[in-house]
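A short worksheet on the structure shown next.
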Amino acid sequence: MGGLIAALSLVSAALLALLLLHLRQRRRIRRLSEQMERFLVCGGEPLRFSVREDALAPLQNAAAELENQVLLAREQRQAERRATRDLTADISHQLKTPLASLRLFCEMDGSAHMPGQLAQIERMERLIQSLLRLERLCADGYEFTFADHDVSVLLRDAWQGLASVYPGKRLTVEGHAVIRCDGKWLGEAFLNLLKNACEHTPEDGEITVRMERSEASFLCTVSDNGGGVRPEELPRLFDRFYRAHSRETGGAGIGLAIVREIVRRHHGSICAENIPGGLRMVMTLPVLNLAKS
């Protein structure tokens, strides 16, 4: 009887030891998981390599190696972005001088072709400015400042710059929302979306903006009655220099690419879809409740 009790005591002690070991491993795994999440989401410190000789050491060391590779990739990407910002600034400076000289020479010559020459120079200046702006956006070369903004106000301000150019167009805004965003840049995104709709609708074209805000997201659609595009063209509308064959205009195909980058900097997404008689742009942004970006 005494031997049985001793055996049961040993078994109980062994089970208790296994239980304690299991609980310690679970706590270590949970701590590893929390640390990895902080590193990936909040930019926390990477894991340290483990010198323990236990079953979890290889897992921790593999995770530490992966985090170091991610950290190295982040640093390389930041260096590439800095190089791109410097390059675009240099290109901008180098191109402005000869274009200004060309403009001056055309004005001094005063030939019969001067209006056309000046118009082409202005078109080139706008194209270069838009392209450099897009490249700098892609390289995160602009600082975004987030604050609460009334989207209706941003839309109204954007439309004021277009109403005189497209007097026959009609804009209808439905819904209301206040979101945390960079008002200047999101306003530019709306300006480009409305301008794109104006360019691809008839003289009496109709543009409708609908917005709604939930606890988690902001949804905004910009619809027009310009006839839509071919289904195979929808995925490419936001590519730089792409112009839909079914909606050909004199644009350079950069405006919608700038819109996509602005939306990306707001951690959102945008896509296009055909609707009866026209095209609809669908923008979705997360609701940000941070004190700053």
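Side chains are part of it too, since the values below use all heavy atoms of this structure and drop only hydrogens, waters and symmetry mates. Here the structure is a predicted model, which is why all the values come from computation and not from measurement.
Between Ile179 and Asp148 there is no side-chain heavy-atom pair separated by less than 4.5 Å.
The neighbour count for Gln160 CD, taken as heavy atoms of other residues, nucleotides or ligands under 6.0 Å away, is above 12. Other residues, nucleotides and ligands contribute over 12 non-hydrogen atoms within 6.0 Å of the CD atom of Glu232.
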Where do Arg264 and Glu261 land on the salt bridge (Lys or Arg N to Asp or Glu O under 4.0 Å) test, with the steps shown first?
CA-CA 5 Å; Arg264 180 187 67 84; Glu261 287 304 315; 2.8 Å; yes

Residue pair Ile258, Glu188: steps toward the side chain to side chain contact (heavy atoms under 4.5 Å, CB included) verdict:
CA-CA 9 Å; Ile258 289 177; Glu188 180 167 333; 3.9 Å; yes

Using the salt bridge (Lys or Arg N to Asp or Glu O under 4.0 Å) rule, take Arg265 and Asp182 through it: C-alpha gap first, then chi angles, then the decisive distance, then the call.
CA-CA 9 Å; Arg265 288 294 304 272; Asp182 186 296; over 6 Å; no

Please evaluate residues Arg180 and His149 with respect to the criterion side chain to side chain contact (heavy atoms under 4.5 Å, CB included), reporting the C-alpha separation (whole Å), side-chain torsions for both, the decisive distance (0.1 Å), and the verdict.
CA-CA 6 Å; Arg180 197 164 189 82; His149 289 278; over 6 Å; no

Please evaluate residues Lys195 and Glu199 with respect to the criterion salt bridge (Lys or Arg N to Asp or Glu O under 4.0 Å), reporting the C-alpha separation (whole Å), side-chain torsions for both, the decisive distance (0.1 Å), and the verdict.
CA-CA 6 Å; Lys195 183 174 182 291; Glu199 290 176 344; 2.5 Å; yes

Check the pair Lys169 / Trp159 against side chain to side chain contact (heavy atoms under 4.5 Å, CB included), numbers first and verdict last.
CA-CA 10 Å; Lys169 313 288 183 177; Trp159 183 248; 3.8 Å; yes

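The nearest pair of heavy atoms linking Phe238 to Met281 is CZ-SD, 3.6 Å. Across all their heavy atoms, Ser223 and Arg210 have their closest contact at OG-NH1, 4.5 Å.
The CG atom of Leu71 lies 12.5 Å from the CG atom of Leu66; values are rounded to the nearest 0.5 Å. The CZ atom of Arg236 sits 13.0 Å away from the CG atom of Leu256 when rounded to the nearest 0.5 Å. Within the model, atoms CZ of Arg170 and CD1 of Ile207 stand 11.0 Å from one another, a figure rounded to the nearest 0.5 Å. To the nearest 0.5 Å, atom CG of residue Leu285 and atom OG of residue Ser217 are 9.0 Å apart. The structure places OG1 of Thr284 at 5.0 Å from CG of Leu219, a figure rounded to the nearest 0.5 Å.
Asp204 places no side-chain N or O within donor-acceptor distance of the main-chain N or O of Gly168, the cut-off being under 3.5 Å.
Ring pair Phe146/His267 is parallel by interplanar angle, where below 30° counts as parallel and above 60° as perpendicular.
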